[in-house]
There are 2 protein chains.
Amino acid sequence: MSEEHEGRSVRLGDRVPDLAGLQLLLAVARLGSLGGAARELGISQPAASGRIRSMERRLGLALVDRSPRGSRLTDSGALVTDWARRIVEAAEAFDAGAEALRGRRDSRLRVAASLTVAEYLLPGWLIALRRGRPDTAVSLQAGNSTMVAERLLAHEADLGFVEGPAVPPGLGAAVVAQDRLVVVVGAGHPWAKRRRPVPAAELATTGLILREEGSGTRQVLDAALAPHGGLAPPLLELASTTAVKAAVVSGAGPSVLSELAVGEELAAHRLVKVPVEGVRLRRDLRAVWPTGHRPTGPARDLLSLTRRPPGPGGAAQSSGPREA
Amino acid sequence: MSEEHEGRSVRLGDRVPDLAGLQLLLAVARLGSLGGAARELGISQPAASGRIRSMERRLGLALVDRSPRGSRLTDSGALVTDWARRIVEAAEAFDAGAEALRGRRDSRLRVAASLTVAEYLLPGWLIALRRGRPDTAVSLQAGNSTMVAERLLAHEADLGFVEGPAVPPGLGAAVVAQDRLVVVVGAGHPWAKRRRPVPAAELATTGLILREEGSGTRQVLDAALAPHGGLAPPLLELASTTAVKAAVVSGAGPSVLSELAVGEELAAHRLVKVPVEGVRLRRDLRAVWPTGHRPTGPARDLLSLTRRPPGPGGAAQSSGPREA
DNA sequence: ATGAGGGCATAAGCTGGGCTGATGAGTGAG
DNA sequence: CTCACTCATCAGCCCAGCTTATGCCCTCAT
């Protein structure tokens, strides 16, 4: 079984245009003119023209129909532009995240967040915040729940996000999202065709592909399966979520992963979700703040972006933010 | 109401490293060594070292801890690398799609696909196909159902994908996915807090933000609401899904969009899904082939990648591929 | 202890992709 | 007819990033 072939295929940079080129293409699509797009991006018209041309040459595709009164995307160009938009959106999330990570301690909004939130949710919120309040400087510190609590109580952070069952003492909290864990297998695995849910007891006795002891996901899984005899010895223990996903995709066995981590793989059917019954595999993601210090100003702005509609059946928590 | 501020913020290329840099970072993360990553990417060690350094300078973040016996990611670096991975994955999808689009007519596998499939699903399938069968040359033609049927019947395509309620005559079909349409509103909209489902009749009388007449999504919506008095005059009619999303996010009103198109926005709570009752807003996405010409070879490989587990309650269609 | 080997940094020199600015040509409106 | 808009082409420049060569640091095995 040779499943360590994770070597990245070819250099993408040779075939995929750079971000500036993709942004230029999006601008052309939106404005209907090379010159207009050039103006928007602050470059000269010949630069835009040449750049699009070189993208077309590299891709071997006609992207834009030029005419003396403007430019429109070709059919191929429209499709390519849609794919390009996904790259640019991911780049925007990267940029927003990096800016927050770099943010100085004297930012107007200092956020301390657990890893899951920082990795998957916060960049999107920051983009939204940037649109609504363009000049809110945000700084981000990522760490575990203990660290988040420390920062908040020492007034070194204005708003925190934690994951897991317990709210650290001294903090008020509101659930902003739920991280659902799902059982996944590769498309070729027997469970992939399974219609009837896997009982918790069976899951507990099945060898899984997991991250090492100590990861948040694994803790939830441990707790959830404790009443069913606890977790069986893992089939494989890997160091990163990425490695786990790769192993599962290649059919090495089932795993339990955050829905946030496998959204794309599920959509593309690279992974298959297996229904499970008799066990509640989810954990709350909460915004937290020092008791009594109800978030105001920028912190309140961000918090309001994260508010999600109350999930069906999730009446345990209060419907509005409530002090703990 | 100033809702035409869709102007792209800043040039991302200035702050987000280029794809080669991001791939290099991923390789360093995976291999634990600058030199090793350099070797994998076919560049010299000083090039890798300098490149990482320049990324760190540009981002204002320490990404890598160098030591005389290797390099490990810093905490910031780990987070940045996670965000970088999303960009690279989007770039891989772009690359796979572009390669298929460019594919010559004499490719071993000629695919004709409807726009929704080509845009959202096919790139992922192609990536998976590339991993499993690295030297299958795929060509892609995107168009509507009629065009897909024509290509297949003229033997100019080996496998097709269509969306919508009807299978074109002369074709065998298998459902490979469902495109669920969801009612969405911006986070500030009154419906965002709504717990009780919106009845179909109310949806039918509400002004929505939609694409122009003729779009696939709108046809489904039209048909689904016909028994409830038909669609009310749209609040706003826009030319692209992107424009519709932007308007909805900015709170202009509700819309009905493909779940495939709004996955990211839902995850980040930029959009909120509104439950609806009394109307079935979904359409099947089907693989199709000329009756009797059951897919074989590369077409069969691709088809098997697209097979999804039978959805709960979806017993109407056969569970295996079946001739129409 | 000492040399080999792997890891990283620095320096010098080259190359080319991509930019600007000027210019020309096609099209449609007034 | 002329203006205003579009895009293409050309010449020249610049700098980001590459390679090769070298040196330092650390560890491990002899």
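Note: hydrogens, waters and symmetry copies are ignored here, and every other heavy atom, side chains too, is used. All chains are named by letter (A, B, ...) in the order of the sequence lines, taking the proteins before the strands, and each is independently numbered beginning at 1.
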Residue pair Ala48(A)/Pro68(A) against DNA chain C: nearer the 5' end by closest nucleotide is Ala48(A)

In whole angstroms, how far is the P atom of dA8(D) from the CG atom of Asp65(A)?
11 Å

Can you check whether Ser67(B) has a side-chain N or O nearer than 4.0 Å to OP1 or OP2 of dG7(C)?
no

Using OP1 and OP2 only, check whether a side-chain N or O of Ser49(B) sits under 4.0 Å from dT10(C).
no

Please check: side-chain N/O of Ser71(A) versus main-chain N/O of Gly32(A), any donor-acceptor pairing under 3.5 Å?
no

Is the shortest side-chain N/O distance from Ser71(B) to OP1 or OP2 of dG7(C) below 4.0 Å?
no

Taking atom P of dC19(C) as reference, at what distance in whole Å does atom CE of Met55(A) sit?
12 Å

Of the nucleotides dC26(D), dT20(D), dT6(D), which one has an atom closest to the side chain of Arg39(A)?
dT6(D)

Side chain to side chain contact (heavy atoms under 4.5 Å, CB included), that's the test. Do Asp18(B) and Leu19(A) meet it? Break it down for me.
CA-CA 7 Å; Asp18(B) 60 25; Leu19(A) 284 168; over 6 Å; no

Could you give the CG-to-C1' distance, from Asp18(A) to dC19(C), as a whole number of Å?
13 Å

Integer-rounded Å distance: dG7(C) C1' and Ile52(B) CD1:
14 Å

Report which part of the nucleic acid Gly50(A) touches: base, sugar-phosphate, or nothing (heavy-atom distance under 4.0 Å, all strands).
nothing

Protein-nucleotide distance (Leu24(A), atom CG; dC7(D), atom C1'), rounded to Å:
14 Å

Which nucleotide in dT10(C), dT27(C), dT9(D) has an atom nearest any side-chain atom of Arg53(B):
dT10(C)

Please verify the inter-ring angle class for Phe94(B) with Trp83(A); under 30° counts as parallel, over 60° as perpendicular, anything in between as tilted.
perpendicular

Phosphate-side-chain proximity, Arg66(B) and dA9(C), N/O vs OP1/OP2 below 4.0 Å
yes

Go through Arg30(B) and Glu40(B) one step at a time and tell me if the side chain to side chain contact (heavy atoms under 4.5 Å, CB included) criterion holds.
CA-CA 11 Å; Arg30(B) 180 155 34 84; Glu40(B) 179 171 287; 3.1 Å; yes

Strictly below 4.0 Å: does Arg69(B) bring a side-chain N or O up to OP1 or OP2 of dC25(D)?
no

Round to the nearest Å and state the distance from Leu31(B) atom CG to dG6(C) atom P.
16 Å

Nucleotide nearest Pro46(A) (side chain, heavy atoms from C-beta), chosen from dC10(D), dG28(C), dC19(C)
dC10(D)

Which nucleotide wins on minimum distance to the side chain of Arg51(B), given the candidates dC26(D), dC19(C), dC18(D)?
dC18(D)

Going by distance alone, is a donor N or O of one side chain under 3.5 Å from an acceptor N or O of the other, for Thr217(B) and Arg211(B)?
no

Atom pair distance, as rounded to whole Å: CG in Asp14(A) and P in dG17(D)
15 Å

Options dT19(D), dT27(C), dC7(D), nucleotide nearest the side-chain atoms of Ser44(B)
dT19(D)

Go through Arg133(A) and Arg108(A) one step at a time and tell me if the side chain to side chain contact (heavy atoms under 4.5 Å, CB included) criterion holds.
CA-CA 12 Å; Arg133(A) 298 263 193 283; Arg108(A) 291 189 48 211; over 6 Å; no

Using whole Å, what does the distance between atom C1' of nucleotide dA9(C) and atom CD of Glu56(B) come to?
13 Å

Can you tell which of dC19(C), dG17(D), dA8(D) lies closest to the side chain of Ala47(A)?
dC19(C)

Out of dC8(C), dT27(C), dA8(D), which nucleotide sits closest to the side chain of Gln45(A)?
dA8(D)

